[in-house]
Amino acid sequence: MKKEITCIMCPVGCTIQVTIQNGDVTSITGNACQHGAAYARQETAEPHRVVMSVVRCTGGDLPTVAVKTAAPVPKQATQKVIRALTHVVMAAPVHVGDVIVENVANLGVDVVATRSVRQQ
C-alpha cells in the first residue's frame with residue numbers, strides 16, 4: 001500500500017510517498033530532509049495533532065480565550081480534548097502561556113492560553 005503525505009515540518013511542503021507492507025513502513029521517498037522522513041514515519045504509524053480551541057472567559061475584555069495543547073496529542077484523542085474544554089470557564093485576567101487545563105483528558109499534555117484577556 002502507498003500513502004502520499006504533504007510534509008508540514010518546514011515551508012517547503014514536500015510531497016512524501018510512504019510504502020507500507022504488513023503494517024510496516026518499507027520505503028519513504030520525496031522528502032528533502034530527515035525531518036520529513038521522521039514526520040512521514042510518525043504520521044503513518046500514529047498521527048498526532050496540536051488541538052486549538054477557545055474556552056469561555058468571564059470578567060474580561062473578550063468573551064473567550066484562545067487555547068491550544070502544549071504538545072501534539074494522538075489524532076484519535078482530539079475529540080476527548082475538545083470535550084474536556086467545553087465546560088471550562090476562566091476568569092480574567094488570563095495571560096499567554098497560562099496553563100488552562102493540566103493533563104487534559106489524561107494525555108500528559110497541558111492546554112495553554114495563546115492569547116491574553118485583560119480584566120474589565
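These figures come from a predicted structure and were not determined experimentally.
The side-chain contact (heavy atoms from CB on, under 4.5 Å) test applied to T29 returns Q17, S27, not counting sequence neighbours. Among residues two or more places apart in sequence or in another chain, the side-chain contact (heavy atoms from CB on, under 4.5 Å) test is passed with A92 by C57, V117, Q119. Partners of R41 by side-chain hydrogen bond (donor to acceptor under 3.5 Å, both in side chains), not counting sequence neighbours: none found. With sequence neighbours excluded, the residues that form a side-chain contact (heavy atoms from CB on, under 4.5 Å) with V99 are E102, D110, V112. Residues passing the side-chain contact (heavy atoms from CB on, under 4.5 Å) test with R83 are Q79, K80, sequence neighbours excluded.
Through direct or indirect side-chain contacts shorter than 4.5 Å among Ile, Leu, Val, Met, Phe, Trp and Tyr, V89 is connected to no other residue. Grouping Ile, Leu, Val, Met, Phe, Trp and Tyr by side-chain contacts under 4.5 Å, direct or through others, leaves V12 on its own. Side-chain contacts under 4.5 Å among hydrophobic residues (ILVMFWY), followed directly or transitively, place M1 together with I5, I8, M9, I16, V18, I20, V25, I28, Y39.
Considering all non-hydrogen atoms of both residues, V109 and A70 come closest at CG1-N, 3.8 Å. Closest non-hydrogen pair, C14 versus G30, comes out as CB-O, 3.5 Å. Here the closest heavy-atom approach between residue V65 and residue R115 is recorded as CG1-O, 3.8 Å.
Transitive grouping of hydrophobic side chains (ILVMFWY, heavy atoms separated by less than 4.5 Å) keeps V50 and I82 in distinct clusters.
Taking CG from L62 and CE from M90, the interatomic distance works out to 13.5 Å, rounded to the nearest 0.5 Å. Atom CD1 of I100 and atom OG1 of T69 lie 13.0 Å apart (nearest 0.5 Å).
For residues 60-71, the pairs satisfying salt bridge (charged side-chain N to carboxylate O under 4.0 Å, His left out) are D61-R118, with sequence neighbours left out. Within the structure, salt bridge (charged side-chain N to carboxylate O under 4.0 Å, His left out) pairs that include any residue of residues 69-79 do not occur (at least two apart or interchain). Applying the salt bridge (charged side-chain N to carboxylate O under 4.0 Å, His left out) definition to pairs two or more places apart or across chains, none involves residues 17-40. Listed by first and then second residue, the salt bridge (charged side-chain N to carboxylate O under 4.0 Å, His left out) pairs that reach into residues 43-56 are E43-R49, sequence neighbours excluded.
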From CA spacing to verdict: side-chain contact (heavy atoms from CB on, under 4.5 Å), V54, V67 = CA-CA 5 Å; V54 294; V67 299; 5.8 Å; no
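No side-chain donor-acceptor contact under 3.5 Å links T19 to the backbone of K2. Checking side-chain atoms of N31 against main-chain N and O of H35 turns up no donor-acceptor pair under 3.5 Å.
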